[in-house]
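Encoded as structure tokens, the structure appears first; notes follow it.
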Amino acid sequence: MTDTPVQEMSFEQAMKELETVVDRLERGEVALEESITLYERGAQLKKRCEDELKRAEEKVAAITLDTDGNPTGTTPVEGA
Amino acid sequence: MSDLIDDPTPGQNMPEYTVSEISGEIKRTLEGSFGRVRVRGEVGRVFRARSGHLYFDVKDDRSVLACTTWKGQVASLSVVPEEGLEVVVTGRLTAFGGQSKYNLNVDEVAVAGQGALMALLEKRKKQLAAEGLFDPARKKPLPYLPRIIGVVTSPSGAVIRDILHRLHDRFPRKVLIWPVAVQGQSCAAEVARAIEGFNRLQPGGALPRPDLIIVARGGGSVEDLWGFNEEIVARAAAASDIPLISAVGHETDTTLIDFVSDRRAPTPTAAAELAVPVRLELMAWADGMGARLSRAATTGLAQRRQRIGDLSRALPRGEALLDGPRQRLDWIAERLPRALSGGVQRRRMTLSEVAGGLRPSALRGLLARRRDRLNAARLTLAPISREIARRRERITTLSGRLETAHRQRLDRMRRQLDATDRLLSSLGYEATLERGYAVVRAGEHVITRRDAAGREPHLEIQFADGRLAVTPTGAITPPVPPAPAPAAPRKRTKPSSPPDQGSLF
């Protein structure tokens with residue numbers, strides 16, 4: 001169990017830790033006190049993963065370039 | 001007046017040019033009669049001047065054609081000439097009057113034939129491999145779930161649509177397209193620029209920095225894909241800090257960028273699949289994890305509850321705990337009075353047994369036995385006198401040993417004293433006096449210098465058999481000392497020992 005706050009974790013980190021938490025709880029080797037802490041952390045991690053999955057947003061933009069080929073901004077792209 | 005006189009000079013009718021005029025004429029003729037030409041040959045020496053102009057030779061087995069590409073034209077060459085490359089160059093033939101030379105101003109270079117192209121590609125591959133750019137250790141891992149994906153490709157066409165479709169199906173993400181030409185002369189430069197441009201974006205800047213780059217292009221001929229074989233593209237991809245997936249052409253096409261990219265996707269669609277995981281699967285996974293989590297938690301609690309139940313069933317009733325001891329107490333309490341009376345009874349019996357034997361005759365018998373033993377053990381002086389004799393004998397032995405030890409010790413000390421005395425007399429200065437040396441004294445002081453002797457009013461000379469007082473009779477000149485000469489060395493040798501001895505005494 002790392003000390004990183006759940007909200008600052010990347011999706012992948014949260015995912016890996018959630019797996020570890022569930023594994024430990026299922027093995028049932030942890031003390032009651034700790035298992036409650038673990039459960040709470042697991043719930044947070046799961047929420048973090050789900051939030052990230054829900055946040056899936058689709059935004060496609062193309063970079064506009066000036067005559068020298070330097071980016072100047074974006075224009076939205078339709079389709080996909 | 002001279003022009004009136006016929007003075008024929010050979011060639012006078014031919015027009016006369018200045019050098020610059022004729023050079024200009026030649027230049028015009030060359031440019032006019034050839035115009036744009038295509039020339040095939042092998043690239044010879046290549047020289048890029050500091051000014052940016054490119055000078056190179058194109059040759060065959062007999063002739064050499066000097067070629068020039070001006071700085072402004074170099075960028076638009078689709079292939080930069082390299083020595084040994086078989087090319088077709090296109091340009092205008094022109095002359096350079098300053099050196100009486102003609103050359104071809106090349107604005108287009110094409111590689112002649114596919115074999116030559118592949119040979120060039122092999123050469124570049126070897127070079128980049130030698131630099132370690134293909135090293136597997138350089139490859140960066142792709143992010144598991146990139147937030148922003150930068151796509152370097154043509155903004156129109158099937159490739160970007162395929163990628164966007166597949167991303168949409170798997171996991172919709174933010175996509176930033178950097179439009180480039182995917183074939184033709186400017187392709188390589190634009191692709192390289194796009195990769196570098198994405199890397200230059202700052203996180204949180206006006207344009208978001210992607211955390212994954214896909215460089216994609218659909219299938220095509222070797223010439224179409226050639227831009228992705230250019231060194232600048234490969235180097236830009238290798239230098240990219242952002243993980244990069246290359247997806248150029250079909251599965252069978254391998255371009256130089258594929259060797260340096262962090263992952264190579266066989267097709268643009270496959271690149272999208274490498275880029276993101278499937279969202280629905282992840283959601284199912286998250287649900288599954290949630291279910292496992294609560295099941296594990298409830299199972300853990302249920303197991304504990306069960307165990308508490310089991311244990312509490314095994315726990316005996318409180319009253320039952322006291323039953324045994326209480327029964328024991330009853331039993332013992334009942335035995336207590338009986339034990340007391342029984343004990344008194346047993347002791348009374350013992351007393352009567354013992355008292356039975358206690359009679360005056362028994363006492364008398366005991367007295368008689370003691371008296372017999374007293375008579376047997378008579379007190380005598382013999383052991384004491386034996387002890388005294390033994391002790392006396394021991395004293396005699398010890399005193400004999402003491403005497404012997406004392407004598408031996410005295411002898412040893414005397415011998416040591418004699419030896420020291422002998423040593424003393426052999427070292428003492430008195431012995432030396434026997435050999436003719438003498439000690440000169442003034443009062444208590446030993447005189448070792450003639451000067452000191454001269455200053456003294458009275459001197460005393462010590463010989464082996466006694467002392468003689470003398471008075472020095474004035475100064476004696478040092479050069480003629482007939483008698484004192486032998487005396488002086490004597491004195492000199494002598495005094496060196498008396499002070500030493502003096503200090504010893």
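Reminder, nothing fancy here: chain letters follow the sequence lines and each chain counts from 1.
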Given B:Val276, B:Leu282, B:Ile149, the one with more heavy-atom pairs under 4.5 angstrom with chain A than any other is B:Leu282

Near [X] [atom1], under 6.0 Å, is it more than 12 heavy atoms from other residues, nucleotides or ligands?
X	atom1	answer
A:Lys59	NZ	no
B:Lys139	NZ	yes
B:Arg235	CZ	yes

Quick check: do B:Ile177 and A:Ile63 have side-chain heavy atoms less than 4.5 Å from each other?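 Side-chain contact under 4.5 Å: no.
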
Is any side-chain heavy atom of A:Glu19 closer than 4.5 Å to one of B:Met289?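 In contact.
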
When heavy-atom pairs shorter than 4.5 Å are enumerated against chain B, which of A:Leu25, A:Leu45, A:Thr64, A:Thr74 gives the highest number?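 Sorted descending by pairs with chain B, the first entry is A:Leu25.
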
If you take all heavy atoms of A:Pro71 and B:Leu207, which pair is closest and at what distance?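 Residues A:Pro71 and B:Leu207, closest heavy atoms: CB-CD1, 3.7 Å.
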
Using every non-hydrogen atom in the two residues, find where A:Lys46 and B:Asp287 come nearest and quote the distance to one decimal. CE-CA, 4.5 Å

Please state whether the side chain, the backbone, both or neither of [X] comes within less than 4.5 Å of a heavy atom of chain A.
X	value
B:Leu293	both
B:Arg193	side chain
B:Leu145	side chain
B:Pro155	neither
B:Leu301	side chain
B:Arg304	side chain

Is chain B contacted by the side chain of [X], its backbone, both, or neither, given a heavy-atom distance below 4.5 Å?
X	value
A:Ile36	neither
A:Tyr39	both
A:Leu18	both

Please report the C-alpha distance between A:Val60 and B:Lys174 in whole Å, then the side-chain angles of each, then the deciding distance to 0.1 Å, and finally whether the side chain to side chain contact (heavy atoms under 4.5 Å, CB included) criterion is met. CA-CA 6 Å; A:Val60 182; B:Lys174 283 186 190 163; over 6 Å; no

Check: B:Arg279 side chain, A:Leu53 main-chain N or O, donor-acceptor pair, under 3.5 Å: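 A pair under 3.5 Å: yes.
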
Evaluate side chain to side chain contact (heavy atoms under 4.5 Å, CB included) for B:Tyr144 paired with A:Ser10, printing each intermediate quantity in order. CA-CA 9 Å; B:Tyr144 184 79; A:Ser10 73; over 6 Å; no

To the nearest 0.5 Å, what is the distance between CE (B:Met283) and CD (A:Glu50)? 7.5 Å

Between CG of A:Asn70 and CZ of B:Arg200, what distance do you get to the nearest 0.5 Å? 7.0 Å

